[in-house]
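Read the structure below first, then the notes.
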Amino acid sequence: MTGGRYGHGILRLGALLLLAFATVLAAFGGRAFAVEPISIGRNAEALDLSRAVTIYRNRGETFRISTAPGIDGIVRTIEVQATQESTDGHWAVFALANTTEQQIDRLIVAPHFRLVDSHFFWPDLGSKRIVAITPSEGFALDRVESSDADIFSITLNPGAVVTFVAELASPNLPQVYLWEADRYKDIINSYTLYRGIVLGISGLLALFLTILFVVRGTSMFPAAAALAWAVLAYISIDFGFIDRFFDVPPADVRTWRGMSEVSLAATLALFIFTYLNLNRWNDHLSYGAIAWVMALAGLSALVFYDPALAAGVARFSIAGTALFGSVLIAYLSWRGFDRAIMLVPAWALLIAWIIAGYMTVSGQVDNDIIQPALAGGLVLIVLLIGFTIMQNAFSGGAFQQNLLSNVERQALAVKGSGGIVWDWDVGRDRLSTTPDLGAVLGLGAGKLQGPPKNWLSHIHSDDRDRFRVTLDAVLEKRRGKIDINIRLRGSDGYYSWFAVRARPVVGADGQVIRCIGTIIDVSDQKRAEERLLHDAVHDNLTGLPNRELFMDRLRNALAIANADDAMKPTALIIDIDRFRQVNESIGMAAGDTLLITVARRLRRLLRPHDTLARISGNQFGIILLSENEPGRIAAFADAVKKTIKAPISFAERQIILTVSIGLATFTQARSQDEDLFGDAELALFQAKRFGGDRVEPFRPAFRTSGSDKLQLESDLRRAIERGEISLAYQPIVHSGSLDIAGFEALMRWNHPRRGEIQPSEFIAIAERSDLIVELGNHALELAMRQLMDWDVQLPDARLFLSVNVSSQQVMTRDFANTLSGMRARFSSRRHKLRLEITETVLMQNPEHNSRVLQKIKELGIGLAMDDFGTGYSSLAYLSQFPFDIIKIDQSLVRNDWSQRDILLQSVIAMATNLGLATVAEGVELPEDADKLEDMGCTYIQGFVAGAPVSAEEATELVMEQTPVVSNDDAAE
């Protein structure tokens, strides 16, 4: 007995050693350990085997595994051969035990696609899961045909424990079910009915929105229709209906599913953009939305390369669109935008759907109902969106927009003044004008037809916000009218004023569906207003009364003084000494600051009934009514001098200004304002003659003390106002044909007592008395007026008119703006204005002058360098200035040097190489004209070309050269 027991022990020990050795061999030989069986009862109609399945990846074509212990407790080893060639060897193992005394028939079901726990990046888009299943006993399982899942039928004998080895088609097996056959059939039938209903609703909704898009061309309808079709495609693929419409291989289903998710993301972004009409005013939002949609559309190409990656990006895009849309809808709803408010329910449902989808994809929600429920929720969202846009578009009788006949539109337009019909179709967001305003402005047909935002680039920057706010206010308040003046830029770059007068057409729900009215050109009226503003009664810099108001108040004070003996007004003219040098040393901006400081100091010295005015650049005038006694008047004048002389702190330096003051007190002999003012000017002139920094009261001897220049200066100020300054026109001809190419405008002063005064005399006075800027601007206005007259009188000629510009004009900070304003008032389309500037002027401040000339060039005004050859440094800067013409000074033409011709030839050749035309001044002899022509000179000016003539004579000269063709002649 002992030996038998010992023998049995030896055998058991040997069996254990053999089992351990077999286990080690299995570990190193590709065999897997045994699995625990799952007990199956008779009433178990549906079991989830997912957690009981063990996955083995990359095990090769042959797979060995230890089975679950059988009824006898023995663990066996089975080996399974893969049915696919070149497989990676992915296997799944599970065991089932029939604990009943009856045979059990069941179905093993592995769905191809499952949204639950499918992940975000590189999501599992489904595929064929199980190739074949081999049981540990019996034959391989039979496959039940299905397009949605891999289904195998099994039979378990009473008390049997069977291990199943499944050959996998993919590395993942998301879920495996064990179904009772009839129960699985019932579930499939119930889902089929549900899916059919959802699919039918989705298809009808997509078709209905498409029909609405055909009937109504508003952009939100095609966007909503596209979203509905994308949802229909997604549901068809998710429900497995795609196989019934197309012959899709199982391997391509992942591509179709990825494409459907990308389409869903793209159409959702497109819908929120078009529905909220984000492109109305802001192009940046348009570009961003288009870039977003284009990027999503680009994912369609990625789908064919990596469907999982494309689907992952699409899922994050849907979440981003929902988040961005929520913020935007909340903001617009707070602003009272009706469309945003109406979209709140649908968007709230979308947010809930995305949260549920996130919980499903991340695996937090895991049941069989969630996936079809999400599909149904998606259709519900589109249904609610369709109801929203139909309510927005049709509840107010949007079809009434198309019921307005042309006669009704014209009747509404007649409520405003006559002009161009202005029609804004709010639903289509299309603004049109009849006739086409774009063609009227020379912008081209259709440029101003379309969304109102197309107008913004042509509207003056100061008017754009007002235009936007006015249109938005009519829509938000649903009442009122459009009544605004805006500036529109034409093809020539100049702005014209237009008055927009329109009234809204309101639908049954109170929504504005159309705005109809007129748009009228009111440029002439605005130019008149600008002239009135230009002639305003106050100085723009200091805020003081200007010269016109000063003279008016002086006239009133003298009128009162004639009636009241107690009233004896005194006129004081205050001139800051050497102020031009101050400007040149510290800059014009600093000079303006000094003028403001002086004005403030003077204002503190006056009483309420006294008047302080700025009568010219650096001259102030005072009408003193508060003092009548000579001693007190002198004390007041001395206080003015001391006040201004007090140091002014500027930029860490002390600036001391001195002034010359001339004053004249009322007497019966000075009953006219001009007499009193003129006497004060004579006193000021004497103060200047004595060196300045002094107060000089008027004395009668001043009138005969050789004050002709002062009187001439006083007369020159009045000459501009009285229109005594005129222009003469000296011809400039082509060097070859001697045909008139243009004229140079020369100023002439016809004095009422002294007759014609030479320009060399009065221009010098103007430069000394700071009248040159006003005189030069007056000459420019006269020249531009003449160009406008020549537009009518000489329509077939192409002339240029040159005007000399002084250095003080060029140095003013607003010279380019002054020219722009003149061009707006006196525009010429056929003839060209040209400014002549001497090279010595340019060298005073070349950097500043270069910027000024560039701005002038942009206005379409030509530039000529005058007196070329008289300076010494212009060649170094010639390329920096945008000149068209070089005028060769007459000193180079008239001299009799032996090298004259060589010098002229060099200058003309240099100008030609630089692309500049040349004008030779002072040409008196025909032989000189011939030589200049041979040298390549473009134009000639001088005795050969002709003497200065009046405007009428200049017009006749051009008419003789270029006769105007009458209508009768043209008919013949």
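Computed from a prediction, not measured in an experiment: that's the story for all the values here.
- Residues Ala265 and Ala314 approach most closely at CB-O, 3.6 Å, considering heavy atoms.
- Using a distance-only test at 3.5 Å, with no hydrogens or angles considered, a donor-acceptor pair links the side chain of Thr163 to the main chain of Ala68.
- With rounding to the nearest 0.5 Å, the separation of CG in Leu350 from CD1 in Ile385 is 7.0 Å.
- In this structure, the side chains of Leu141 and Ser153 stay at 4.5 Å or more apart for every pair of heavy atoms.
- Distance check, rounded to the nearest 0.5 Å: CZ of Arg64 to CZ of Arg59 gives 11.0 Å.
- Here the straight-line distance linking atom CG of Leu227 with atom CG of Leu232 works out to 11.5 Å at 0.5 Å rounding.
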Verify side chain to side chain contact (heavy atoms under 4.5 Å, CB included) between Phe324 and Ile272, making sure each step is shown before the conclusion.
CA-CA 10 Å; Phe324 173 75; Ile272 188 66; 5.5 Å; no
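- Using a distance-only test at 3.5 Å, with no hydrogens or angles considered, no donor-acceptor pair links the side chain of Asn157 to the main chain of Ala160.
- Taking 4.5 Å as the limit, some side-chain heavy atom of Thr83 sits within range of a side-chain heavy atom of Glu167.
- Between Leu173 and Val53, the shortest heavy-atom contact is CD2-CG1, 4.1 Å.
- For the atom pair CG (Leu323) and CG (Leu328), the distance works out to 11.0 Å, reported to the nearest 0.5 Å.
- Here the shortest heavy-atom pairing between Val165 and Ile78 reads CG2-CD1, 3.7 Å.
- No donor-acceptor pair under 3.5 Å is formed between the side chain of Arg76 and the backbone N or O of Thr67.
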For Leu349 and Trp347: C-alpha separation, side-chain torsions, deciding distance, then whether side chain to side chain contact (heavy atoms under 4.5 Å, CB included) applies.
CA-CA 5 Å; Leu349 184 60; Trp347 209 257; over 6 Å; no
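- The shortest side-chain heavy-atom distance between Leu156 and Gln103 does not fall under the 4.5 Å cut-off.
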Could you give me the CA-CA distance, side-chain angles and deciding distance for Leu378 and Leu264, then say whether side chain to side chain contact (heavy atoms under 4.5 Å, CB included) is met?
CA-CA 10 Å; Leu378 196 58; Leu264 194 62; 3.9 Å; yes
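- Side chains of Thr210 and Trp229: a donor-acceptor N/O pair is present below 3.5 angstrom, by distance only.
- Under a 3.5 Å cut-off, the side chain of Ser202 and the backbone N or O of Val198 do not form any donor-acceptor pair.
- Counting non-hydrogen atoms of neighbouring residues, nucleotides and ligands closer than 6.0 angstrom, the CD atom of Gln81 exceeds 12 such neighbours.
- Between Ala149 and Val109, the shortest heavy-atom distance links the atoms CB-CG1, 3.8 Å.
- Here the side chains of Trp353 and Ile381 are in contact, with some heavy-atom distance below 4.5 Å.
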Would you check, one step at a time, whether the test side-chain hydrogen bond (donor to acceptor under 3.5 Å, both in side chains) holds for Gln364 with Ser362?
CA-CA 6 Å; Gln364 299 180 40; Ser362 61; 3.2 Å; yes
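- The six-membered or imidazole ring of Tyr56 lies away from that of Trp91, with a centre-to-centre distance of 6.0 Å or more.
- Taking the six-membered ring where the residue is Trp, Tyr275 and Phe271 present parallel rings, their angle staying beneath 30° rather than reaching 60°.
- Scanning all heavy atoms of the two residues, the minimum distance from Ile133 to Pro135 falls at O-CD, 3.8 Å.
- A distance-only check finds no donor-acceptor pair linking the side chain of Glu61 to the backbone of Gly89 [under 3.5 Å].
- You'll find the side chain of Asp48 reaches within 4.5 Å of the side chain of Gln175, heavy atoms only.
- A distance of 11.5 Å separates OG1 in Thr134 from CD1 in Ile65, rounded to the nearest 0.5 Å.
- At least one donor-acceptor pair closer than 3.5 Å links the side chain of Ser50 to the backbone N or O of Val176.
- Remark: side-chain polar atoms of Ser260 are not paired, donor with acceptor, to backbone N or O of Tyr234 under 3.5 angstrom.
- Contact record, Ala228 with Ala206: CB-CA, 3.6 Å, taken as the closest heavy-atom pair.
- If you check the side chains of Glu79 and Thr62, you find no donor sitting under 3.5 Å from an acceptor.
- Atom OH of Tyr358 has 12 or fewer heavy atoms from other residues, nucleotides or ligands within 6.0 Å.
- We find the OH-CD1 distance between Tyr184 and Ile108 to be 12.5 Å, quoted to the nearest 0.5 Å.
- Looking at Arg106 and Glu180, no side-chain N of the basic residue comes within less than 4.0 Å of a carboxylate O on the acidic one, giving no salt bridge.
- The main-chain N or O of Pro372 is found under 3.5 Å from a side-chain atom of Tyr194 such that the two form a donor-acceptor pair.
- Side-chain contact between Ile130 and Phe152 is present, with heavy atoms from C-beta onward closer than 4.5 Å.
- Of the N and O atoms on the side chains of Ser170 and Asn172, not one donor lies less than 3.5 Å from an acceptor on the other residue.
- If you run side chain to side chain donor-acceptor pair (under 3.5 Å) between Thr155 and each of Asn98, Asp105, Asp142, only Asp105 comes through.
- Contact annotation: the side chain of Val361 approaches that of Arg315 to within less than 4.5 Å [non-hydrogen atoms, C-beta and beyond].
- Side-chain contact between Ser236 and Leu199 is present, with at least one heavy-atom pair separated by less than 4.5 Å.
- Panel note: side chain Arg143, backbone Val131; a donor-acceptor pair is recorded below 3.5 Å.
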Take Ile104 and Gln102, measure what side chain to side chain contact (heavy atoms under 4.5 Å, CB included) needs, and give me the verdict at the end.
CA-CA 6 Å; Ile104 297 178; Gln102 297 181 359; 5.7 Å; no
